[in-house]
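Below you'll find the structure, written out as structure tokens, and then a few comments.
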Amino acid sequence: MAARLSSRREKFRGLSPAEFFYKNREIAGFSNPVRALYQTIRELVENALDATETHGILPEIKVNIKPLENDHVFVRVEDNGIGIPPTEIPIVFGRVFYGSKYQLRQTRGVFGLGVKMAVLYAQITTGKPLKVVSTQNKSKYEYEFEIQIDIAHNMPIIKNMAIREKTFPHGTIVELITEGNWTLARRKIESYLERTAMIAPYATIVLEELDSKKEYRRVSKVLPPPPETGKYHPKGADLELVKNMIRRSKKSLTLMKFLMENFDGVGKKTAENFLTWAGFDPETKLSKLTLQDIEILVRKMKEYEKWRRPKPITLSPVGESLLKQGVKRILNPSYVTAVTRPPSSFGGNPFIVEVALAYGGNVPQSDTPTLYRFANRIPLLYDEGADVSRKVISSIDWSIYKVKFPAPLAIVTHICSTKIPFKGVGKEAIAEVPEVEKELEIAIREAARRLRRHLSKLEKLYEVKRRKTIIGKYIPEVSRALAYVSNLDEKVLAKKLQTMLEKDIKTRGVINVPAA
Ligand code: ADP
Ligand code: MG
């Protein structure tokens, strides 16, 4: 029997990006009141850091958190960044997928989504708008807006607006009232800011809570060189990207010129060699390409082995010296070392791995190395067990580096890339990409070898000290006997013997090692 078709008409309509994220907020980390408060602070602080350090400004960031009644929390984040032009303010805070970071370079933000999630979450839980005050260096005025999001249309609603003479040189203040469980989120938020202070020793970060104030004063005035905007590597390009690039190019352009203009490290010779290898005439005009041609082109671009390595100009590692200062600032260890590896790449994406190792001092004793993970200078606090750094550390036999657990050992790993290979949408754990894993292992083992040398020196120093004490005990007796047989002054003899002992210790070359 034939199935009866329903006569009811289906209704069709589109879903705005704001509506999508409003309905699927857990995707962006806003899954419950604890995570949401943590994520709100994180989005605001990361925008503040991007607005300062990426533009050569030493960050000065103030975070203020006040729990109110009914699980509502007041949050205020102030920065001394470049500020936002008044015409852009409503849109950057009120339109999902709008921002200034859609370029190929390392930043903390990427999609133009983060702060809108904080606005949406505040809007649906407390109904309160976001308040922004911002001014730029050249402006005489500061601009204040109260903004909500028209979820169905993905557009800002301006609730209030004011212009006045400015009261600070440049920067942005964002205030909102959102739902959050401050008691439960507090430890995570504090630890997030502490770790941010570790990876950014050039930043001053102040956290004012209801009953306490914590201040991380900058310990360095040096900023790592900011990342430059770069081009895609041919291996990292996909069909959509190339189709888009072709759409935006002059149709009279030859394939060879197209590759040279749009991709990283592709000169005339490389373009010609590749196109011939891939079976294309380098002089073919873009207008002649069929969709099938473009598909073949992209596939061949991925397969070709002879591209130059991606240039790392888009990246901004912290550097060994700053990384050590950051680690000292937070952990105050008795020994610290840092390794910044040369640039590498996976699938056409450049990346750099940095590792610091801290031992002794205030580093907590534990049964495995304490791990501090960072990606593009963002602390990663959740899902440590699933992270490639933890995997590499667990695979190392630490006894060959003279570490006996429980030990006061901490490892810091920092991966910077234009495409961090996160595991899943939570963006809290980095996947086991073989190239990344290899770089991490090399860096950690290098740092561990340095630690072994340091621990060996310490062992030697203890040994010498022990000898000195033991031998020193005999000096009075020996000098008394010597005085008796030689008729010399006992005190002079004792002094001479003591000098001989000191000299002997010095020639063993361990006298410059600081005592642990
Ligand atoms: P993303 O950070 O991924 O770009 P956001 O939604 O968090 O996305 O921010 C959107 C845009 O708003 C940013 O790209 C930036 O241009 C601007 N912005 C947000 N906060 C600030 C700030 N504190 N200072 C300057 N610009 C900001
Ligand atoms: Mg952001």
Side-chain angles (χ1 to χ4, degrees), residues 16-18 20-22 25 27-30 36 38-64 75-123 130-139 142-145 147-149 151 154-156 166 168-176 178 192 196 200 203 205-206 226-227 229 375-379 418-420 422 425 427:
S16 93
F20 174 79
F21 283 103
Y22 158 69
R25 46 194 172 274
I27 290 183
F30 287 73
Y38 162 75
Q39 199 67 30
T40 296
I41 305 282
R42 204 186 128 159
E43 297 297 352
L44 296 179
V45 169
E46 277 158 27
N47 281 348
L49 285 163
D50 278 343
T52 48
E53 59 179 31
T54 316
H55 302 274
I57 302 169
L58 287 168
E60 196 100 38
I61 295 167
K62 286 190 200 130
V63 180
N64 205 305
V75 174
R76 179 182 192 275
V77 175
E78 176 181 344
D79 69 56
N80 60 336
I82 52 166
I84 310 163
T87 47
E88 297 285 351
I89 294 176
I91 326 177
V92 296
F93 291 101
R95 182 174 166 82
V96 170
F97 295 145
Y98 192 87
S100 59
K101 299 172 201 165
Y102 297 117
Q103 294 160 322
L104 198 66
R105 69 171 175 189
Q106 174 192 330
T107 46
R108 290 172 156 93
V110 192
F111 298 129
L113 173 67
V115 79
K116 274 74 82 173
M117 288 308 302
V119 181
L120 276 174
Y121 195 82
Q123 182 167 328
L130 165 115
K131 188 169 127 187
V132 192
V133 181
S134 190
T135 183
Q136 298 194 285
N137 201 11
K138 286 200 182 115
S139 175
E142 63 187 42
Y143 299 86
E144 181 177 312
F145 284 87
I147 299 161
Q148 285 201 317
I149 299 181
I151 297 175
N154 191 25
M155 285 302 280
K166 73 167 157 189
F168 53 103
H170 51 88
T172 303
I173 302 166
V174 180
E175 280 180 15
L176 51 82
T178 196
Y192 172 80
T196 301
I205 301 171
V206 182
T229 308
N376 287 352
R377 297 191 209 157
I378 300 173
T418 40
K419 190 179 164 112
I420 300 281
F422 283 115
V425 286
K427 295 198 159 208

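Atoms within each ligand, like the ligands themselves, are counted from 1 in listed order. Residue numbers run from 1 in the order of the sequence given.
Side-chain contact between Q136 and P85 is present, with at least one heavy-atom pair separated by less than 4.5 Å. I57 has its side chain out of reach of D79: every pair of non-hydrogen atoms, C-beta onward, lies at least 4.5 Å apart.
Closest approach of Y38 to P379, counting heavy atoms only: OH-O, 4.5 Å. Of all non-hydrogen atoms in V92 and I84, the two that sit nearest each other are CG2-CG2, 4.1 Å.
Counting heavy atoms closer than 4.0 Å to ligand 1, residue A51 contributes side-chain atoms (C-beta onward) but none from N, CA, C or O.
Heavy atoms of I82 come nearer than 4.0 angstrom to ligand 1 in no pair at all. Contact analysis leaves E43 out of contact with ligand 1, as no non-hydrogen atom separation drops below 4.0 angstrom.
For V115, a nitrogen or oxygen atom sits less than 3.5 Å from a nitrogen or oxygen atom of ligand 1, counting backbone and side chain alike. Inclusion of D50 in the set of residues having an N or O under 3.5 Å from an N or O of ligand 1 is not warranted. Below 3.5 Å of separation, one finds no N or O of Y98 facing any N or O of ligand 1.
Nearest non-hydrogen protein atom to atom 9 (O) of ligand 1 is N47 ND2, 3.7 Å.
Between F30 and Y121, the angle of the ring planes lies from 30° to 60°, which puts this pair in the tilted group.
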